[in-house]
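The figures here come from the full heavy-atom set of this structure, side chains too, leaving out hydrogens, waters and symmetry mates. Protein chains get the first letters and strands the later ones, always in sequence-line order, with residue 1 at the start of each.
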Amino acid sequence: MSAPEIRVFNTMQQAKVPLAPLTPGKVGIYVCGPTVYSFVHLGNARTFTSFDVIVRYLRARGFAVKYVRNYTDVDDKIIKAAAETGEEPIALAARFVREFEADATKLRLLQPDVSPKVSETIPEIIALIVKLIANGVAYQSGGDVYFEVRKFPGYLKLSKKKLDDLLEGGGERELKGEEKRNPADFALWKAARPGEPSWDSPWGKGRPGWHIECSAMSSKYLGETFDLHGGGLDLIFPHHENELAQSEGASGKTLCNCWMHGGFLDLEGAKMSKSLGNVVRLRDALEKVDAEGLRYFFLTTHYRQQLAFSDKALHDAEGRMEYFYETLKKVDERLDAKEFIAGPLHGEPQRFLNDFHAAMSDDFNFAGALSAVSGVFAELNLLMDKPPVKDKVLVGRTLVALREVVRQMSKALGLFERKPEDWLLARRDRQVKAKGLDVAKVEAAIAARNAARAAKNFPEADRLRAELKATGVEIMDTPRGTEWKVASE
RNA sequence: GGCGCCAUAGCCAAGUGGUAAGGCAAGGGUCUGCAAAACCCUCAUUCCCCGGUUCGAAUCCGGGUGGCGCCUCCA
């Protein structure tokens, strides 16, 4: 397989650029992780899944990826949430880190190589602020420290805004603050108020502002300049813009070579967001839909594109996963205990992988890659059901090759990595529970029907089939006997 | 008010200068005692509208219309 060059859309240039790692063969990526004051919602999950697949793909292409995704565990929202529950802010944050990790495991998200927390990066944050003050781009004001945006010439180069527009704007940005030299200046360090978590600093007790933690954590684990920086579209301004200003204002070097931003998940025509309150928790969604079905749904659109959430879309995605796993189940049963020696293949199994790489190399075109996935599964089924060639050894050998192609795609997408029977059974169990079916009764009816069939009493057999169907159970007569599943509507 | 993204079949969705991927749904067929699943066939002379550039545009440019987003916490 000739590996196509990987091109990535860089928000800074608003164009696709070739991936050119600082160190050949290695990629450092920083993804802005959750602020842990509540459960993550599906919009968050989409972004994390996108970067999960991007990291998986880069690894599949042989890059040694260092993947850093932080937890922001010191923040206004956390303090507010803690005040409401009566917990200590740090304890509440720790609790939601655990909840996040439980959700992430279900979604089969890769564990980042490093998951730093703000609360464990305070010395580095203070050192960074000290440097910014020394460089003349930050100033102390009482117990606070602010970044002075007018002193950093590159300010707003990422978001393409103008400082004047920012100040006039139709927004509701807080422009108050006599303590600031410029209303657009933002806090690097906030003086402690009673009851808030705080740390000693050269400016008295206090805590970091919102953006500085990412600057500190990324340079700590990836260096002053690294390859990829990711997050949701809504982080471009102010978060990434400010992060960039802080990092570059301190180091004088480019923070990262490529900024990647994922598109939103929409719910009923509007961005799913905590401020609008139109969120579906990842946790709640996973009660209703299979985790891989959800992952597949996220991959049906390019990562930078908006994606509309709906129960139907999720349901369809899960149905598609069923097709994939049913196919793999058949393939694996057939290949079991058989060996095929090397030799010619039918068709060109590799062509699907080539198409897959072509799509993924082009700014991680998930939807395009899924087309190649469909191709390989259709070919697998064709060879098993209606092989266009007679040579059984040739067919078997080709199935082995195609199965290997699927394995390669699996690794990059985080899809169909489970044992097909396990996935299929788990899905059925969930559906059985949702419908309140009695498995023993279903199996008794199937046994009765098979007795009727054996006696060639087809009217009775059909009656039992119809009866089951009415309760939502679909039965299939296979070479292995009669199997059943919950009908999807 | 400033800035940006998007508009492709009934639905979802790739494609961004060379003559419309893929999926769902639908119709027909093969298979089956009947089914289910799977497979095969059919399903956009056309890419929101109007102009322009070009031998050639869904793709580039200009102007509309419609949707979304950022400018304030947000993935």
Side-chain angles (χ1 to χ4, degrees), chain A residues 11 14 16 31-35 37 40-51 75-77 80 156 159-162 164-175 184 210 230-239 241 261-266 269-276 279 296-297 300-302 304-308 310 312-313 315-317 319-320 322-323 326-327 329-330 355 359 362 365-375 377-388 453 456-459 461-462 465-466 469 474-478 482-485 487:
Chain A
T11 305
Q14 312 223 240
K16 289 179 198 171
V31 174
C32 285
T35 298
Y37 66 95
V40 290
H41 65 251
L42 288 175
N44 305 316
R46 182 196 179 191
T47 297
F48 297 139
T49 301
S50 293
F51 287 102
D75 170 88
D76 292 350
K77 300 247 174 195
K80 191 169 165 237
L156 303 179
S159 58
K160 281 37 172 190
K161 294 178 186 302
K162 293 196 178 70
D164 293 342
D165 296 340
L166 213 60
L167 301 178
E168 288 162 19
E172 290 142 48
R173 167 180 262 235
E174 262 188 55
L175 298 180
W210 175 31
L233 214 52
D234 46 3
L235 293 184
I236 294 175
F237 187 89
H239 187 242
E241 193 68 75
H261 292 99
F264 297 131
L265 185 70
D266 285 2
K271 169 193 174 190
M272 185 180 286
S273 76
K274 290 175 189 168
S275 43
L276 289 178
V279 297
Y296 180 85
F297 164 67
T300 55
T301 301
H302 187 101
R304 284 190 285 114
Q305 209 72 37
Q306 286 182 2
L307 210 206
S310 71
K312 181 183 184 298
H315 176 267
D316 290 352
R320 193 67 185 148
E322 184 188 20
Y323 163 79
E326 288 282 6
T327 303
K329 182 180 167 201
K330 283 191 276 186
D355 290 348
D362 182 15
N365 187 342
F366 298 162
L370 252 26
S371 172
V373 171
S374 291
F377 277 86
E379 183 80 351
L380 236 15
N381 277 124
L382 176 65
L383 286 180
M384 286 189 289
D385 268 25
K386 309 262 165 68
R453 287 173 72 213
K456 299 253 190 268
N457 183 355
F458 294 122
D462 289 346
R465 172 193 285 286
K469 177 97 189 215
E474 196 97 64
I475 52 181
M476 300 86 75
D477 297 321
T478 78
T482 302
E483 299 187 342
W484 65 278
K485 66 176 184 176

A.B. asks: Rounding to the closest angstrom, what is the interatomic distance between rA9(B) and rG52(B) at atom C1'?
C.D. replies: 28 Å
A.B. asks: Describe the nucleic acid contact of K160(A) in one word from base, sugar-phosphate, nothing, applying a heavy-atom distance below 4.0 Å.
C.D. replies: sugar-phosphate
A.B. asks: Would you indicate, yes or no, if rA75(B) has its OP1 or OP2 atom less than 4.0 angstrom from a side-chain nitrogen or oxygen of N44(A)?
C.D. replies: yes
A.B. asks: Counting distance alone, no hydrogens or angles: does the base of rC12(B) have a donor or acceptor under 3.5 Å from a partner atom on the side chain of T300(A)?
C.D. replies: no
A.B. asks: Could you tell me how far apart R304(A) (CZ) and rA13(B) (P) are, to the nearest whole angstrom?
C.D. replies: 15 Å
A.B. asks: Give the rounded distance in Å between these two atoms: CD of Q306(A) and C1' of rA75(B).
C.D. replies: 14 Å
A.B. asks: Base, sugar-phosphate, or nothing for S374(A), non-hydrogen atoms under 4.0 angstrom?
C.D. replies: sugar-phosphate
A.B. asks: Determine the contact category for E483(A): base if any of its heavy atoms lies under 4.0 Å from a base atom, sugar-phosphate if only primed atoms, P, OP1 or OP2 are that close, otherwise nothing.
C.D. replies: nothing
A.B. asks: Base, sugar-phosphate or nothing for K330(A)? Non-hydrogen atoms, less than 4.0 Å.
C.D. replies: sugar-phosphate
A.B. asks: Send over the distance from I236(A) CD1 to rU72(B) P, rounded to a whole Å.
C.D. replies: 14 Å
A.B. asks: Check the orientation of F377(A) and Y323(A). Use parallel for under 30°, tilted for 30 to 60°, and perpendicular for over 60°.
C.D. replies: tilted
A.B. asks: Sticking with atom P, work out how far rC47(B) lies from rA20(B), rounded to a whole angstrom.
C.D. replies: 12 Å
A.B. asks: Considering every strand and a 4.0 Å limit on heavy-atom distances, what is the contact class for N365(A): base, sugar-phosphate, or nothing?
C.D. replies: sugar-phosphate
A.B. asks: May I ask which nucleotide in the shown strands pairs with rC68(B), Watson-Crick or G-U wobble, both distances under 3.5 Å?
C.D. replies: rG4(B)
A.B. asks: Would you indicate what K456(A) reaches in the nucleic acid, counting non-hydrogen atoms under 4.0 angstrom: base, sugar-phosphate, or nothing?
C.D. replies: nothing
A.B. asks: Charged N to carboxylate O under 4.0 angstrom, K485(A) versus E322(A)?
C.D. replies: yes
A.B. asks: rA36(B), OP1 or OP2 - any side-chain N/O from Y323(A) closer than 4.0 Å?
C.D. replies: no
A.B. asks: OP1 or OP2 of rA75(B) versus the side-chain N and O atoms of K274(A): is any pair under 4.0 Å?
C.D. replies: yes
A.B. asks: Is there a side-chain polar atom (N or O) of K80(A) under 4.0 Å from OP1 or OP2 of rC73(B)?
C.D. replies: no
A.B. asks: Grab the CZ-C1' distance between F237(A) and rU72(B) for me, whole Å please.
C.D. replies: 9 Å
A.B. asks: Is N381(A) close enough to rC39(B) that one of its side-chain N or O atoms is under 4.0 Å from OP1 or OP2 there?
C.D. replies: yes
A.B. asks: Using Watson-Crick or G-U wobble geometry with both distances below 3.5 Å, tell me the partner of rU54(B), or none.
C.D. replies: none
A.B. asks: Identify whether any heavy atom of H41(A) sits under 4.0 Å from a base atom; if not, whether one sits that close to sugar-phosphate; answer base, sugar-phosphate or nothing.
C.D. replies: base
A.B. asks: If you take atom types as modelled and just measure distance, does the side chain of D477(A) reach the base of rC34(B) with a donor-acceptor pair under 3.5 Å?
C.D. replies: yes
A.B. asks: When all nucleic acid strands are considered with a 4.0 Å heavy-atom cut-off, which category describes R465(A): base, sugar-phosphate, or nothing?
C.D. replies: base
A.B. asks: Whole angstrom is fine here: how far is it from CG in L233(A) over to C1' in rC68(B)?
C.D. replies: 11 Å
A.B. asks: Under 4.0 angstrom, heavy atoms only, what part of the nucleic acid is M272(A) near: base, sugar-phosphate, or nothing?
C.D. replies: base
